There are 2 protein chains.
Amino acid sequence: MKGREFKDAMYDGLAKLLKALSNPYRLEIIEMLSQGEKSVEGIVQTTTLTFANASQHLQVLKNNNIVKARKEKQYVFYSIINDEFLSLYQHVIKYAVQEIAELEKTLNRQREDNNASNAVSLDELETMLQNKDVLLMDVRPAFEFEFGHITGAMSVPMNEMMSKLKSFSKDKEIIAYCRGPFCVLADEAVRILSEQGYSIRRLDEGYPEWKIKNLN
Amino acid sequence: MKGREFKDAMYDGLAKLLKALSNPYRLEIIEMLSQGEKSVEGIVQTTTLTFANASQHLQVLKNNNIVKARKEKQYVFYSIINDEFLSLYQHVIKYAVQEIAELEKTLNRQREDNNASNAVSLDELETMLQNKDVLLMDVRPAFEFEFGHITGAMSVPMNEMMSKLKSFSKDKEIIAYCRGPFCVLADEAVRILSEQGYSIRRLDEGYPEWKIKNLN
DNA sequence: CAAGTATTCAATAGATATATTGAATACTTG
DNA sequence: CAAGTATTCAATATATCTATTGAATACTTG
């Protein structure tokens, strides 16, 4: 293989991977699958996609070594192919949020609207958990919590929030987290609970970031 | 802004960034600019692109916060926007080469064809430079060397290789490097010099990887 | 094996990306 | 200011991507 052919082959392959990532719905699917495996139906429920369309996007991701599929009964369960990809994806998110002014602004406005500007980083959370008596609250749906969650967290899905609300002490500081920096569940939790007089902040990141950080 | 709107805005923005990266020629441009700033003409010379086409690709990169432009006299000099992006780009390359079977295979075959399979990593290079008397050879064009190079390297551009060849000792181990893992100059250097009986290996990475690694 | 369900396939129309061409702009230098 | 040069713009044809639709497949369960 000549030098030019080799370079073309490498850059074509690389561009193919990045093309598979360059669609907003596929990115949303990746966020969902970062929480644990999900069937096509599971994806359809949490996005605005139709069944056939979700299936096609999932196949693009599968054909480009981003997700893998496992069949069980009638269901096909998709999941992120490996932790290396998850780590790369998080690097992309982090770069975009920190270096692209437009996205940084949108994120900040969203947090301000929900009184969630004073987000806690994963590093801060770690020292807080060691030194203080904080309530770490996982506000994702229960089955995502079951697939995996931050050590020491309590599962309080958003739909159960109001009924469980009374059982929380207003003296204890609460940290809410969900799927990642783009997940709005934690923002909503902050808005609702701070309106009720609780001391609550959100985690800047989410469960997948914690998982990658604690792999060693 | 509603939760759905916020997510759409974030994922659209993210997809836009990734779309800008999802083209093989733009990736090659990024590799070239990783060596230091270059005019449009500089890009045209080292790729197969026409002037107008290169200019358009550069503008896509500029509009997506990947490169920045500086005007001097009639020339417009483009460069990578910041080290954070360079670091992200290198993460993508590393993932692709290690986790995508097709790319890994293509890279390995290229190295085998040039007797360059026994590449040295940046970590290995560091200990080698401390313990042995090795000749570190930068085989990129001279002006790229001048923009920046690995500490202790000697500039031996490929077009001067044959004339300078006589001055190298066959007893000393040689490590050749160029622009990065995809750069073929180092492979060619290995093939040529090993045929001449020299003890030579290539660096797995290139100058930009060394630069990011040594930022602190 | 019939009915039901989850998923995928195939075809298509509309949207977006890309390379090419020739012209326009902006700047420098004499 | 005229001529030359580097770069960008504008228009366009082709290729690729995407969502939608309706049907096909594969599997389970009664």
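Remember, predicted model here, so these are calculated numbers, not experimental data. Below, chains carry the letters A, B, ... as their sequence lines are ordered, and counting in each starts from 1.
- Side-chain N/O atoms of H57(B) include none lying less than 4.0 angstrom from OP1 or OP2 on dA17(C).
- Place V60(A) and Q74(A) on DNA chain D by their nearest nucleotides, and V60(A) ends up nearer the 5' end.
- For the side chain to side chain contact (heavy atoms under 4.5 Å, CB included) with R179(B), the lone residue among E205(B), M32(B), E209(B) that qualifies is M32(B).
- E124(B) and S121(B) share a side-chain donor-acceptor pair at under 3.5 Å.
- Contact between L14(A) and V92(B) at its shortest, heavy atoms only, is CD1-CG1, 4.0 Å.
- Nucleic acid contact class of Q56(B) (heavy atoms, under 4.0 Å, all strands): base.
- A 6.0 Å sphere centred on CD of Q196(A) holds more than 12 heavy atoms belonging to other residues, nucleotides or ligands.
- Checking Q90(B) against S87(B) by side-chain atom types alone, no donor-acceptor pair falls below 3.5 Å.
- For Y177(A) and Y207(A), the ring centers sit 6.0 Å or farther from each other.
- In this model, a donor atom of one side chain and an acceptor atom of the other lie less than 3.5 Å apart for N82(A) and E99(B).
- Chain A approaches DNA chain D within less than 4.0 angstrom (heavy atoms of the protein), and the contacting nucleotides run 5' to 3' from dC17(D) to dT29(D).
- Position along DNA chain C of the nearest nucleotide to V76(A) versus N23(B) favours V76(A) as the more 5'-ward residue.
- Remark on DNA chain D: of its neighbouring residues Y78(B) and R26(A), the 5'-side contact belongs to Y78(B), judged by nearest-heavy-atom nucleotide.
- For the residue pair Q110(B) / T106(B), no side-chain donor-acceptor distance below 3.5 Å is found, with atom types taken as modelled.
- Across all strands, Y25(A) comes closer than 4.0 Å only to sugar-phosphate atoms, never to a base (heavy-atom distances).
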Just the dot-bracket of DNA chain C, please: which string comes out with Watson-Crick or G-U pairs under 3.5 Å, [ ] for crossing, | for another strand? ||||||||||||||||||||||||||||||

